[in-house]
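Report on one structure; see the data block that follows.
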Amino acid sequence: MGRKKKNKLHKKKRGGTYNKKKLKNAILSTLYENPGKAVNYRQISGSLSIKDPETRKLINVALQELADDGYVDQISRGKFKLKARTGKVTGIIEMQPQGFAYVISDELEQPAVISSRNLNHAMEGDKVRIHVYARRKKHDLEGEVTEILERAKTIFVGTVQTTKNFAFLIPSGKVGFDIFIPKEKLNGAKDGQKAIAEIKDWPQNARSPFGEIIEVLGDTGDNDAEMHAILAEFELPHKFPQNVDKAAEKIPLEIPKEEIKKRRDMRNTTTFTIDPVDAKDFDDALSLKKLDNGNWEVGVHIADVTHYVRPNTIIENEAQDRATSVYLVDRVVPMLPERLSNGVCSLRPNEDKLCFSAVFEITEDAKVKKQWFGKTAIHSDRRFTYEEAQEIIETGQGDFSEEMLKINELAIKLRDERFDTGSIAFERIEMKFEIDEKGKPISVSFKESKESNHLIEEFMLLANKKVAEFIGKVPEKKTPKTFVYRIHDKPDPDKLSSFNTFIKRFGHGIQLSTPRAISTSLNKLLTEVKGKSEQNVVETLAIRTMAKAAYSTRNIGHYGLSFDYYTHFTSPIRRYPDMMVHRLLEKYLDGARSVNEQKYEGLCKHSSDMEAKAANAERASIKYKQVEFMQDHIGKTYPGTISGVTDWGIYVELENKIEGMIPIAQMDDDFYIFDEKNYALVGRHSRKSFQLGEKINVRVWRTNLERKQLDFRLAEQDKE
């Protein structure tokens, strides 16, 4: 791109609304104009015509992250300079179903297209260096991989196919190659079994990489083998090493009296837990007490995991590697061994337990008057399921009904205030399968959150927010101590604008003038569409406009909750960041100096990555069970809603929330063209269109468990 054109494009962006990703691109564009110049955040603000303090603060975070990622050098405190460029670009491979790839790089204004012949054995997620060609087409940048800097993965799960003298592992998912396995490297794997292979070599002229089988998971179709295969596909473990389990078994359940004496003893305060019916790891409890001044003392009590799991132990190292528990359809793969997660740390009823607590004095109007953070001993009087708590809320009858009704009343006020100050009201619908003893799904349903869920959520949000404020909110000229925050960036302005254009066809719209206006009008929209035919499509697209939440030591606030400070303090049994927060809070309460930011930023990045893998594994397990469930429904016709439109087909969601796809190749009554702007497929001759949110009837055509793929055909076109 010529200098003149580039500058024109760059100037167009200046002074606009930025989220962190857009800001990084704008900063790099500014630095490319003066590659030898060192700048600070004030100079960047001036170049981009940014005046609001919030975005100016975000520039510092963006510069630090660009330095972490190797795009700029920090030459002195607060001064940054573009790294010397070599004429080649670094980026991440994103494979496409058709066999080519995009390379996504902050050094390019658009992705570079890499043809399959120019990939040079690069795979999905690899960090690569590419040579970018001069433009061959009007709109595309093209390139060639010249060096693989970092492999995203070398271990793959799949199905073994054997011949007389050798074998292949056919990887699950869209990998684009099979792994050649020499006969002597099968390690007992048999034809048709699920197994894990590790790539050992990929000779320059070989079509397939060479590997060996490192673990046999079991027979294809066996439920345990398939669930373990899903975990392996996302590089997640399915069992603990023996030495970790043994170390956990040595931790005693009994609490020494001396330990209780060191803590605030809250065992005589009414305390209870509220959790899903099948939960065993109770990591949070609530207590309630009426104070003499008429206010209420609410305790948010969190399992004191870090009392038992010490730094530099094998249990700690395992928890740090895993970073999160993984929730598949039919099982939980815990971050901590069962002895800890379901026993020692779990806040089980009628047992004394050690906690790290946030205790609040709250008025009848749900205003926090005082707060206290510290180590406690508690005794849970009752374990409620969400359903039991909901019944008490609805009927006013049952154990601890007075306490339950009062704490729910306070939660409702906290929730109302949160939405009044800009929190976005996304509702989560959870799909549930009823599964038989062999793991086969026999029915599917979905649950929506009720008041009992909201009750717990509000007090967890309150504790997380107040802990983050306690550490992060310091006088203006003071630097806050290093801490772990849960951050959520503003939405991408371009995605929001496209979303707004699309919803106008349904008679809706949102205000885009300020972040607060966006959240307020988005909440209004989500209320307006409830129960309407377009509800699902509007909610789905609204969520897609949002950035993903992540962990970081560099606080930018949490946009979705509209909190300036937010962390994760409340689930240390299942999340490693919460363990970090507990340790840091304890240190700082004791007056310790700030810890090393770089070390904790690295742990935050790892935790965010592992959270994404766990979420993908959970989705894959749900998809697998959906396809397995629909195997018994082939040939049946159902009403559905178009939930996604691509150039290879349309995705349709049935009323039971199961989603499948109509391949474009099966829509043979016309030649259909993808209209990206209008989220539609349009027939070239008939002009017939299939648009996102439209109701259609589909027939279940075929299922492929191996690929977790469910295919539909249009009911009126199905000729079979």
Side-chain angles (χ1 to χ4, degrees), residues 255 260 263-304 342-343 345-372 374-416 447-464 466 569-571 573:
I255 301 169
I260 289 177
R263 295 166 175 258
R264 180 169 171 174
D265 191 343
M266 299 187 71
R267 289 177 296 170
N268 292 325
T269 305
T270 301
T271 303
F272 48 80
T273 60
I274 307 176
D275 290 280
V277 67
D278 53 355
K280 296 184 180 73
D281 54 343
F282 313 133
D283 52 13
D284 57 79
L286 292 176
S287 67
L288 184 72
K289 185 167 81 174
K290 183 78 182 265
L291 298 173
D292 293 340
N293 62 5
N295 291 339
W296 296 93
E297 179 192 272
V298 178
V300 181
H301 306 289
I302 309 301
D304 192 359
N342 295 357
C345 298
S346 185
L347 307 183
R348 300 186 297 197
N350 308 311
E351 294 180 19
D352 290 350
K353 290 290 178 179
L354 300 181
C355 286
F356 206 151
S357 301
V359 182
F360 303 104
E361 182 182 329
I362 298 179
T363 66
E364 283 286 348
D365 292 335
K367 304 292 183 209
V368 175
K369 287 293 175 191
K370 288 182 186 171
Q371 61 187 31
W372 176 90
K375 298 290 184 100
T376 58
I378 70 153
H379 186 97
S380 173
D381 299 293
R382 175 74 150 83
R383 183 258 155 138
F384 289 101
T385 65
Y386 281 120
E387 291 76 13
E388 288 169 340
Q390 188 62 32
E391 193 174 336
I392 293 169
I393 289 166
E394 288 174 8
T395 65
Q397 304 295 312
D399 294 347
F400 302 105
S401 57
E402 279 185 43
E403 289 88 346
M404 186 72 74
L405 292 169
K406 174 48 70 177
I407 212 160
N408 184 55
E409 185 188 309
L410 293 171
I412 289 167
K413 289 171 182 171
L414 285 170
R415 188 173 169 83
D416 288 345
K447 287 185 183 177
E448 293 189 52
S449 292
K450 294 191 174 179
E451 282 175 289
S452 57
N453 305 81
H454 297 157
L455 184 167
I456 290 296
E457 181 183 35
E458 286 312 314
F459 283 103
M460 297 308 116
L461 289 174
L462 179 68
N464 288 334
K466 292 297 184 184
F569 167 78
T570 51
S571 293
I573 288 178

The test is side chain to side chain contact (heavy atoms under 4.5 Å, CB included); show your working for Trp296 and Leu291 and say whether it passes.
CA-CA 6 Å; Trp296 296 93; Leu291 298 173; over 6 Å; no

is_close_aromatic(Phe569, Phe356), centroid dist under 6.0 Å:
yes

Test log, rule salt bridge (charged side-chain N to carboxylate O under 4.0 Å, His left out), inputs Glu297 and Arg264
CA-CA 14 Å; Glu297 179 192 272; Arg264 180 169 171 174; 3.2 Å; yes

Would you call Glu388 and Glu391 a side-chain contact if the rule is heavy atoms closer than 4.5 Å?
no

For Glu394, look at atom CD and say whether over 12 heavy atoms of other residues, nucleotides or ligands are found less than 6.0 Å away.
yes

Can a donor-acceptor pair be found between the side chains of His301 and Ser287 at a distance below 3.5 Å?
yes

Taking all heavy atoms of Leu455 and all of Ala411, pick out the closest pair and write down the distance.
CA-CB, 3.8 Å

Here the pair of heavy atoms bringing Ile573 nearest to Phe282 is CD1-O, 4.0 Å

Does any non-hydrogen side-chain atom of Ile274 lie less than 4.5 Å from one of Phe272?
yes

Any salt bridge between Arg263 and Asp304, counting N to O under 4.0 Å?
yes

Under the criterion side chain to side chain contact (heavy atoms under 4.5 Å, CB included), I'd like the reasoning laid out for Asn295 against Lys369: C-alpha separation, chi angles, the key distance, then a yes or no.
CA-CA 9 Å; Asn295 291 339; Lys369 287 293 175 191; 4.3 Å; yes

Return yes if some donor-acceptor pair links the side-chain N/O of Asn408 with the main-chain N/O of Met404 below 3.5 Å, else return no.
no

Side-chain heavy-atom pair Leu286, Ile407 within 4.5 angstrom cut-off
yes

Which atom names give the shortest non-hydrogen contact between Leu410 and Thr363, and what distance separates them?
CD2-O, 3.6 Å

Might you confirm whether atom CG of Asn268 has over 12 heavy atoms from other residues, nucleotides or ligands at distances under 6.0 Å?
no

With rounding to the nearest 0.5 angstrom, report the SG to CG distance, Cys345 to Asp283.
9.5 Å

Distance from Ser346 atom OG to Lys353 atom NZ, nearest 0.5 Å?
6.5 Å

Taking the basic N atoms (NZ, or NE/NH1/NH2) and the acidic carboxylate oxygens, is any pair closer than 4.0 Å for Lys367 and Asp365?
no

Taking NZ, NE, NH1 and NH2 as the nitrogens, is one of them in Glu387 or Lys450 under 4.0 Å from a carboxylate oxygen of the other?
no

Salt-bridge contact Lys289-Glu361 (side-chain N to carboxylate O under 4.0 Å)
no

Restricting to non-hydrogen atoms, name the atom on Ile392 and the atom on Leu405 that form the minimum distance, rounded to 0.1 Å.
O-CD2, 3.8 Å

Would you check if the side chain of Thr271 reaches a backbone N or O of Thr269 as a donor-acceptor pair within less than 3.5 Å?
yes

Evaluation steps, side chain to side chain contact (heavy atoms under 4.5 Å, CB included), between Val300 and Asp284
CA-CA 7 Å; Val300 181; Asp284 57 79; 5.6 Å; no

The test is side chain to side chain contact (heavy atoms under 4.5 Å, CB included); show your working for Glu451 and Ile412 and say whether it passes.
CA-CA 8 Å; Glu451 282 175 289; Ile412 289 167; 3.6 Å; yes

Any side-chain heavy atom of Pro349 sitting closer than 4.5 Å to one from Arg382?
no

How many angstroms lie between atom OH of Tyr386 and atom NZ of Lys447, to the nearest 0.5 angstrom?
10.0 Å

Please tell me if the side chains of Cys355 and Ile302 come closer than 4.5 Å, counting only heavy atoms from C-beta onward.
no

Considering residues, nucleotides and ligands other than Lys290, do more than 12 of their heavy atoms fall under 6.0 Å from its NZ?
yes

Check whether any side-chain heavy atom of Ser449 sits under 4.5 Å from a side-chain heavy atom of His454, and report yes or no.
yes

For the atom pair OG1 (Thr395) and CD (Gln390), what is the distance rounded to the nearest 0.5 Å?
10.0 Å

Atom CG in Asp278, atom OG1 in Thr385: separation rounded to 0.5 Å?
10.5 Å

Pair Arg383 + Asp275, salt bridge at N-O below 4.0 Å:
no

Taking side chain as C-beta onward, heavy atoms only, is Leu288 less than 4.5 Å from Thr270?
no

Taking the side chain as everything from C-beta on, heavy atoms only, tell me whether Phe459 gets closer than 4.5 Å to Ile362.
yes

Rounded distance [0.5 Å steps], CG in Leu347 versus CD1 in Ile378:
4.5 Å

Check this for me: does any side-chain nitrogen of one of Glu403 and Lys406 sit under 4.0 Å from a carboxylate oxygen of the other?
no

